[in-house]
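The structure displayed is predicted, hence computed values, not measured ones.
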Amino acid sequence: HVQLVESGGGSVQAGGSLTLSCVVSEYTYTTFAMGWFRQAPGEEREGIAAIILGSGVSYHRYALRNRFTISRDISKNTVYLQMNDLESKDTAMYYCAAGENIRRITYDWEDEQGYNYWGQGTQVTVS
C-alpha cells in the first residue's frame, strides 16, 4: 500500500519561502509520476506541478512557474515543492499525489484522475 506523507507547511509572511516535502513509502516509486496540488477554502483543487520520477521531466502551472519549483531526491524517496515569494493567495491545503500511469500524467498532469494515491495534505498560510 503506497503512502504519501507531506510536511513543511506552516505560516509565513508574504514574500517568504517554504519547501514542502512528500515522502513516498513504495520502494518502486521511481516508476511513478508525482504531483503537487492545492485547494483553498471554497475553491477547486488545482495542479501546481508534476514530475516524472524516473526521468526528472517536470511540468509547472504556467502562472506559478516563476515562484514554485518541483524536484525529487530518489535516494530519499522524496519529492519537494520549493515555494518562493509567497502571496496571501497561496494560502491553501497542499497535497502531493502519485500516479502509476505515467503516460496519462504526461498527457495531462493536471488531471486529478490520473493519480492513484494522495497524501493527507499540509496547510500553508501566508499573511
Side-chain angles (χ1 to χ4, degrees):
H1 178 65
V2 176
Q3 290 188 313
L4 309 178
V5 180
E6 303 103 331
S7 62
S11 296
V12 63
Q13 290 189 337
S17 298
L18 282 175
T19 301
L20 305 184
S21 300
C22 177
V23 179
V24 187
S25 65
E26 175 61 43
Y27 77 98
T28 59
Y29 95 125
T30 52
T31 61
F32 293 171
M34 302 288 296
W36 282 101
F37 291 76
R38 69 182 182 183
Q39 187 169 23
E43 309 247 350
E44 292 188 356
R45 190 154 55 185
E46 65 178 12
I48 301 169
I51 189 166
I52 310 301
L53 294 180
S55 67
V57 172
S58 62
Y59 309 89
H60 292 80
R61 189 176 190 86
Y62 185 81
L64 300 176
R65 73 194 189 288
N66 292 327
R67 299 190 296 121
F68 290 18
T69 303
I70 192 170
S71 63
R72 94 280 198 225
D73 185 336
I74 293 176
S75 68
K76 296 182 179 180
N77 282 21
T78 302
V79 174
Y80 303 97
L81 183 68
Q82 176 66 42
M83 305 185 295
N84 298 323
D85 194 20
L86 284 161
E87 305 171 3
S88 58
K89 62 183 179 181
D90 296 318
T91 295
M93 185 70 79
Y94 285 69
Y95 300 90
C96 74
E100 297 168 321
N101 191 334
I102 292 177
R103 189 170 189 176
R104 177 174 181 173
I105 292 174
T106 299
Y107 179 74
D108 185 0
W109 68 267
E110 294 179 271
D111 180 5
E112 295 180 31
Q113 300 303 311
Y115 296 85
N116 309 94
Y117 310 101
W118 291 81
Q120 81 287 352
T122 185
Q123 177 68 37
V124 172
T125 302
V126 185
S127 60

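- If you chain together hydrophobic residues whose side chains sit under 4.5 Å apart, V5 and Y94 never meet in one group.
- You'll find the side chain of L20 stays beyond 4.5 Å of the side chain of Y80, heavy atoms only.
- Here the side chain of N77 pairs a donor or acceptor atom with the backbone of V24 at under 3.5 angstrom.
- Heavy atoms only, all atoms of each residue included: W36 and C22 are closest at CZ2-CB, 3.6 Å.
- In this structure the side chain of T91 reaches within 4.5 angstrom of the side chain of Q123, judged on heavy atoms.
- Applying the salt bridge (charged side-chain N to carboxylate O under 4.0 Å, His left out) definition to pairs two or more places apart or across chains, those involving residues 57-68 are E46-R61, R61-E110, R67-E87, R67-D90.
- T125 places no side-chain N or O within 3.5 Å of a backbone atom of S11 that could act as its donor or acceptor partner.
- Annotation for V126 and Q13: closest pair CG1-C, 4.1 Å, computed over non-hydrogen atoms.
- The aromatic rings of F37 and W118 sit tilted, their planes meeting at an angle between 30° and 60°.
- Between T106 and Y59, the closest side-chain pair of non-hydrogen atoms falls below 4.5 Å.
- Listed by first then second residue, pairs satisfying salt bridge (charged side-chain N to carboxylate O under 4.0 Å, His left out) with a partner in residues 96-107 read R104-D111, not counting sequence neighbours.
- Side-chain contact check for N84 and S17: at least one donor-acceptor pair (N or O, by modelled atom type) lies under 3.5 Å.
- A 4.5 Å side-chain heavy-atom check between Y107 and N101 finds every atom pair outside the cut-off.
- Here the closest non-hydrogen pair linking Y115 and A97 is CD2-CB, 3.6 Å.
- Under a hydrophobic clustering in which Ile, Leu, Val, Met, Phe, Trp and Tyr are joined whenever their side-chain heavy atoms come within less than 4.5 Å, directly or via other members, L18 and L64 fall into the same cluster.
- Side-chain atoms of H60 come within 3.5 Å of backbone atoms of I70 as a donor-acceptor pair (strictly under, hydrogens ignored).
- Rounding to the nearest 0.5 Å places OG of S21 at 9.5 Å from CG of L81.
- Side-chain contact between W109 and I51 is absent, with no heavy atoms from C-beta onward closer than 4.5 Å.
- Residues V23 and V79 are members of separate hydrophobic clusters, defined by side-chain heavy-atom contacts under 4.5 angstrom among Ile, Leu, Val, Met, Phe, Trp and Tyr.
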Please assess M34 against L4 for the test side-chain contact (heavy atoms from CB on, under 4.5 Å), listing each intermediate value before the final yes or no. CA-CA 10 Å; M34 302 288 296; L4 309 178; 4.1 Å; yes
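- In this structure, CD1 on I48 lies 10.5 Å from SG on C96, to the nearest 0.5 angstrom.
- Without hydrogens or angle criteria, R38 side chain to A92 main chain gives no donor-acceptor distance under 3.5 Å.
- Residues E44 and Q39 fail the side-chain proximity criterion, which asks for heavy atoms closer than 4.5 Å.
- Although no hydrogens or angles enter the test, the distance criterion places a donor-acceptor pair under 3.5 Å between the side chain of E6 and the main chain of Q120.
- Shown here are the side-chain hydrogen bond (donor to acceptor under 3.5 Å, both in side chains) partners of T19, two or more places apart in sequence or in another chain: Q82.
- Between the side chain of T78 and the backbone N or O of K76 there is at least one donor-acceptor pair closer than 3.5 Å.
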